[in-house]
2 protein chains.
Amino acid sequence: MAKRGQPPATEKVQPARDQVDRNSLIACMELLFFAYRDFTGDPDAVLEHYGFGRAHHRVVHFVNRNPGLSVADLLLILKITKQSLARVLKQLIEKGFIVQKPGKEDKRQRLLFATAKGSRLAEKLAELQIVRLEQALKAAGPGADEAARKFLFAMVGASDRSRVERLIDAPVTKTKTSKNQPTGQNENN
Amino acid sequence: MAKRGQPPATEKVQPARDQVDRNSLIACMELLFFAYRDFTGDPDAVLEHYGFGRAHHRVVHFVNRNPGLSVADLLLILKITKQSLARVLKQLIEKGFIVQKPGKEDKRQRLLFATAKGSRLAEKLAELQIVRLEQALKAAGPGADEAARKFLFAMVGASDRSRVERLIDAPVTKTKTSKNQPTGQNENN
DNA sequence: CAAATATGTCAACATGGCTGACATAACTTC
DNA sequence: GAAGTTATGTCAGCCATGTTGACATATTTG
């Protein structure tokens, strides 16, 4: 694939990608790295204070945003193994940031809920990132908000988009539908 | 997707942040997580094939894009410790993806260059991410390209923006200016 | 020359991924 | 109702990649 070096303006129908485009795309790519690097940097300082790491942040965030999330659903969101999750989840439960309740329909499930304490932490961390986001979207001009969401959404692997869409659209509403929505998908991005 | 962003036209001067805005910002926040998760996922598969990880990717990418980069400058880009860098850099050098040359002006420096092999790997990985980016920007509509760059740039910590700007603007030109540009900054995002 | 700088290196440790194996309880199916 | 499947937990160990602290070497600079 990657075979470039033919920038001269021929009258091709499919201009492919000229050097300008490519540089621009690479800039975007590097910016994404830097943006994410600093985006995650803010909460890290706070988390350290609790003896937590980035992994804890993710868990407490998604559980707080989606009360009653099942372990299986959380694993689909994070795309890590249950053993990896278990480690941080255990700590969050022990320290009273998250509680588990058996599902009513399916008693095997251990639905996850943030405690008041957990919720406070989640909100605190979210606020930090929201402030940064808000400022960045403002700086990017009007409409950047919508453009950014569309862009980021399209960056998500195709097989995960519907799940992600559901998740971000109705976080408060959603509670225990996992069983009823097979979501049978296996990463073909 | 994400049909928010229409604040109920009140005539407030400073609406602070209503619930709609907040939900929208949180959606953006989560999307950034998912986007980055999948953005980095593509190259990982290829890297595995070489026995490399994400850390190697970053190094080989930035060195390839900035031939003659000094170790110190690379550390400022990656924001990791020299010991962390040393580990992956050593492997990349041993396996012939990167070479070091003493600086001409300052002989203490070990300027970094990608070998042909290293360059090939870097391009291959870049291509994967570029394809995803290209598709996403297209999906986000006209102008998303510019908006995304502005947005992402504004997400970078304020103290790092000028460095990042220089880096992405003139990657090919830049070669050994680090010494002449003090870049005295220390993370106040 | 002395001090500061650029880089390298050793050693130890933490976090957060991973795999494999196995256990338990509850649901589903025949 | 027995058998199989599913949701979850857990033990044990490995790997990648980040950290700190200490120290060595060469080179540049005041």
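Below, each value reflects all heavy atoms present in this structure, side chains not excepted, and no hydrogens, waters or symmetry copies. Below, read A as the first sequence line, B as the second, and so on, with proteins coming before strands; counting in each chain starts at 1.
- Using a 4.5 Å heavy-atom cutoff, the side chains of A:Phe33 and B:Tyr36 are in contact.
- In this structure, CG of A:Asp73 is placed 10 Å from P of D:dA7, rounded to the nearest angstrom.
- Here the side chain of A:Ala55 is nearest to one of C:dG17, C:dT9, D:dT8, namely C:dG17.
- One cannot find a donor-acceptor pair under 3.5 Å joining the base of D:dT8 and the side-chain atoms of A:Arg110.
- Going from atom CD of A:Gln91 over to atom C1' of C:dT15 covers 10 Å, rounded to whole Å.
- With hydrogens and angles left out, the side chain of A:Gln100 and the base of D:dG9 share no donor-acceptor pair within 3.5 Å.
- Residue B:Ser84 places none of its side-chain N or O atoms closer than 4.0 Å to OP1 or OP2 of D:dT17.
- Rounded to an integer number of Å, the gap from B:Asp106 CG to C:dT5 P is 12 Å.
- A sub-4.0 Å separation between OP1 or OP2 of D:dT17 and a side-chain N or O of B:His56 is present.
- Whole-Å rounding puts the A:Lys79 NZ to C:dG17 P distance at 14 Å.
- One can place CZ of A:Phe52 at 10 Å from P of C:dG16, the figure rounded to the nearest angstrom.
- With A:Val71 as reference, A:Leu75 is the one residue of A:Asp73, A:Leu75, A:Leu69 to meet the side-chain contact (heavy atoms from CB on, under 4.5 Å) rule.
- Applying the 4.0 Å criterion to OP1 and OP2 of C:dC18, one finds that A:Thr81 has a side-chain N or O inside that range.
- The two residues B:Val88 and B:Ala55 come nearest to each other via the heavy atoms CG1-CB, 3.7 Å.
- Taking the six-membered ring where tryptophan is involved, the planes of A:Phe97 and A:Tyr50 are perpendicular, since the angle between them exceeds 60° and thus also 30°.
- Salt bridge status for A:Arg37 with B:Asp160: present, with a side-chain N to carboxylate O gap under 4.0 Å.
- Per the geometry, CG belonging to B:Leu89 stands 13 Å off C1' belonging to C:dT9, to the nearest Å.
- Taking 4.0 angstrom as the limit, B:Arg58 places a side-chain polar atom (N or O) nearer than this to OP1 or OP2 of D:dG18.
- The side chain of B:Val88 lies closest to D:dT17, out of D:dT17, D:dT27, C:dA26.
- In terms of position along DNA chain D, the nucleotide closest to A:Lys90 lies nearer the 5' end than the nucleotide closest to the other residue of the pair A:Lys90 and B:Arg87.
- Picking from D:dG9, C:dG8, C:dG17 the nucleotide with the shortest atom distance to the side chain of A:Lys82 gives D:dG9.
- Here C:dG16 presents its P atom at 14 Å from CG of A:Leu74, a figure rounded to the nearest Å.
- Distances from the side chain of B:Ala86 to the nucleotides C:dT9, C:dT7, D:dT28 place C:dT9 closest.
- No donor-acceptor contact under 3.5 Å links the side chain of A:Gln83 to the base of C:dG16.
- B:Tyr50 places its OH atom 21 Å from the C1' atom of D:dC15, with the value rounded to the nearest Å.
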